Chemist: 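First, the structure itself, so that you have it in front of you.
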Amino acid sequence: MKVQNIVFNRIGNNVSVLIEYPNVNIQILDQISFNLRGFNFEVSSICVDNNSLKAVMSIISGKENKKISFIFTQKELIIDQLGSFLPSEEGFTGKIKNPEILFKAGVDPEITTLFSEDQLFIPQMDFFKTVAKLFAE
């Protein structure tokens, strides 16, 4: 895995990251801040550290604030509370191990379309928004 380019434009409210894996290139495109189902989400940091890319997305709600960490390693993407995902043609694919999130995903038609059998697909376009849908409850 090699990070080719990072653009973090807070004024324009967009982020773009080009990641080169041995068999595929992935370009993550999304907004930095967005509102989804009454929750405010914000990509609060992105950095390259020792052959990995790390990102943190904050969930800001009236009840509590949470952070979700993303670690892009040489072979996979690891997302807090979700699991490991492998790079694929148009994004990342992997299994969700958290039964609570699996249940939420199963009853939400917008998320259900991202599943194929027991694999969740996270597209490179609207990458953070797709993950946020799993936590907006």
Side-chain angles (χ1 to χ4, degrees):
M1 187 268 313
K2 183 177 180 184
V3 177
Q4 295 289 358
N5 191 22
I6 297 176
V7 177
F8 191 84
N9 182 350
R10 187 167 297 281
I11 294 171
N13 193 32
N14 59 46
V15 61
S16 171
V17 182
L18 179 59
I19 305 169
E20 180 182 302
Y21 283 97
N23 299 326
V24 67
N25 289 338
I26 294 179
Q27 183 166 10
I28 294 172
L29 300 165
D30 211 334
Q31 293 179 317
I32 292 172
S33 297
F34 52 92
N35 186 290
L36 186 64
R37 300 179 186 158
F39 290 87
N40 293 317
F41 292 86
E42 181 178 85
V43 179
S44 49
S45 69
I46 292 182
C47 69
V48 178
D49 180 32
N50 294 334
N51 298 322
S52 68
L53 173 73
K54 297 179 182 178
V56 174
M57 181 170 61
S58 300
I59 306 171
I60 302 152
S61 71
K63 296 182 253 179
E64 61 184 281
N65 297 338
K66 296 181 188 176
K67 294 191 184 297
I68 302 167
S69 294
F70 300 77
I71 302 173
F72 299 82
T73 68
Q74 295 298 319
K75 295 182 180 181
E76 64 187 354
L77 162 63
I78 302 165
I79 304 174
D80 276 354
Q81 303 174 37
L82 288 184
S84 299
F85 297 81
L86 296 174
S88 61
E89 279 300 312
E90 299 290 322
F92 293 89
T93 305
K95 291 183 181 181
I96 294 180
K97 308 241 186 256
N98 184 324
E100 182 180 319
I101 291 176
L102 266 175
F103 176 76
K104 282 192 246 180
V107 296
D108 187 333
E110 195 173 341
I111 297 170
T112 304
T113 61
L114 299 172
F115 277 91
S116 175
E117 297 178 13
D118 61 347
Q119 299 283 312
L120 171 67
F121 173 69
I122 303 171
Q124 55 190 350
M125 184 67 115
D126 294 333
F127 175 83
F128 292 106
K129 279 190 208 90
T130 300
V131 174
K133 289 175 187 174
L134 296 167
F135 292 94
E137 186 62 36

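These numbers were taken from a predicted model, which means no experiment stands behind them.
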Chemist: Running the 4.5 Å side-chain criterion over Ile, Leu, Val, Met, Phe, Trp and Tyr, what cluster does L29 land in, apart from itself?
Modeler: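 M125, which link up through side-chain heavy atoms under 4.5 Å apart, make up the rest of the cluster.
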
Chemist: Using modelled atom types and a 3.5 Å cut-off, is there a donor and acceptor pairing between side-chain atoms of Q74 and backbone atoms of N51?
Modeler: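 Yes; judged by distance alone, with no hydrogens or angles, the pair exists.
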
Chemist: Can you name the residues that form a side-chain contact (heavy atoms from CB on, under 4.5 Å) with N40, not counting sequence neighbours?
Modeler: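 Partners of N40 by the side-chain contact (heavy atoms from CB on, under 4.5 Å) criterion, ordered by chain and then number, come out as N35, I60.
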
Chemist: Taking salt bridge (charged side-chain N to carboxylate O under 4.0 Å, His left out) as the definition, give me every residue that meets it alongside D108, ordered by chain and number, with sequence neighbours left out.
Modeler: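 Applying salt bridge (charged side-chain N to carboxylate O under 4.0 Å, His left out) to D108 gives R37.
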
Chemist: Do the ring centers of Y21 and F72 come within less than 6.0 Å of each other?
Modeler: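 No: the rings miss the under 6.0 Å criterion.
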
Chemist: With sequence neighbours left out, what residues match K95 under salt bridge (charged side-chain N to carboxylate O under 4.0 Å, His left out)?
Modeler: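 Only D118 meet the salt bridge (charged side-chain N to carboxylate O under 4.0 Å, His left out) criterion with K95.
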
Chemist: Does one hydrophobic cluster hold both V7 and F127, with members joined at side-chain heavy-atom distances below 4.5 Å?
Modeler: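 Each belongs to a different hydrophobic cluster.
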
Chemist: Through direct or indirect side-chain contacts below 4.5 angstrom among Ile, Leu, Val, Met, Phe, Trp and Tyr, which residues connect to L18?
Modeler: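 Members alongside L18: none; it stands by itself.
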
Chemist: I need the full list of salt bridge (charged side-chain N to carboxylate O under 4.0 Å, His left out) pairs touching residues 44-61, with sequence neighbours left out, sorted by first then second residue.
Modeler: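 Qualifying pairs: D49-K54.
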
Chemist: Cation-pi check, K129 to F34: give yes when NZ or CZ is under 6.0 Å from the six-membered ring centre and within 45° of the ring axis, no otherwise.
Modeler: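 Yes; both conditions hold, so K129 lies above the ring face of F34.
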
Chemist: Looking at E89, I'd like to know if its CD atom is crowded, meaning that more than 12 non-hydrogen atoms belonging to other residues, nucleotides or ligands lie closer than 6.0 Å.
Modeler: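 12 or below, so no.
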
Chemist: Just so I know, are the side chains of F92 and T130 near enough to count as touching, which here means a heavy-atom distance under 4.5 Å?
Modeler: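 When only atoms from C-beta onward are counted, T130 and F92 do not touch, as no gap falls below 4.5 Å.
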
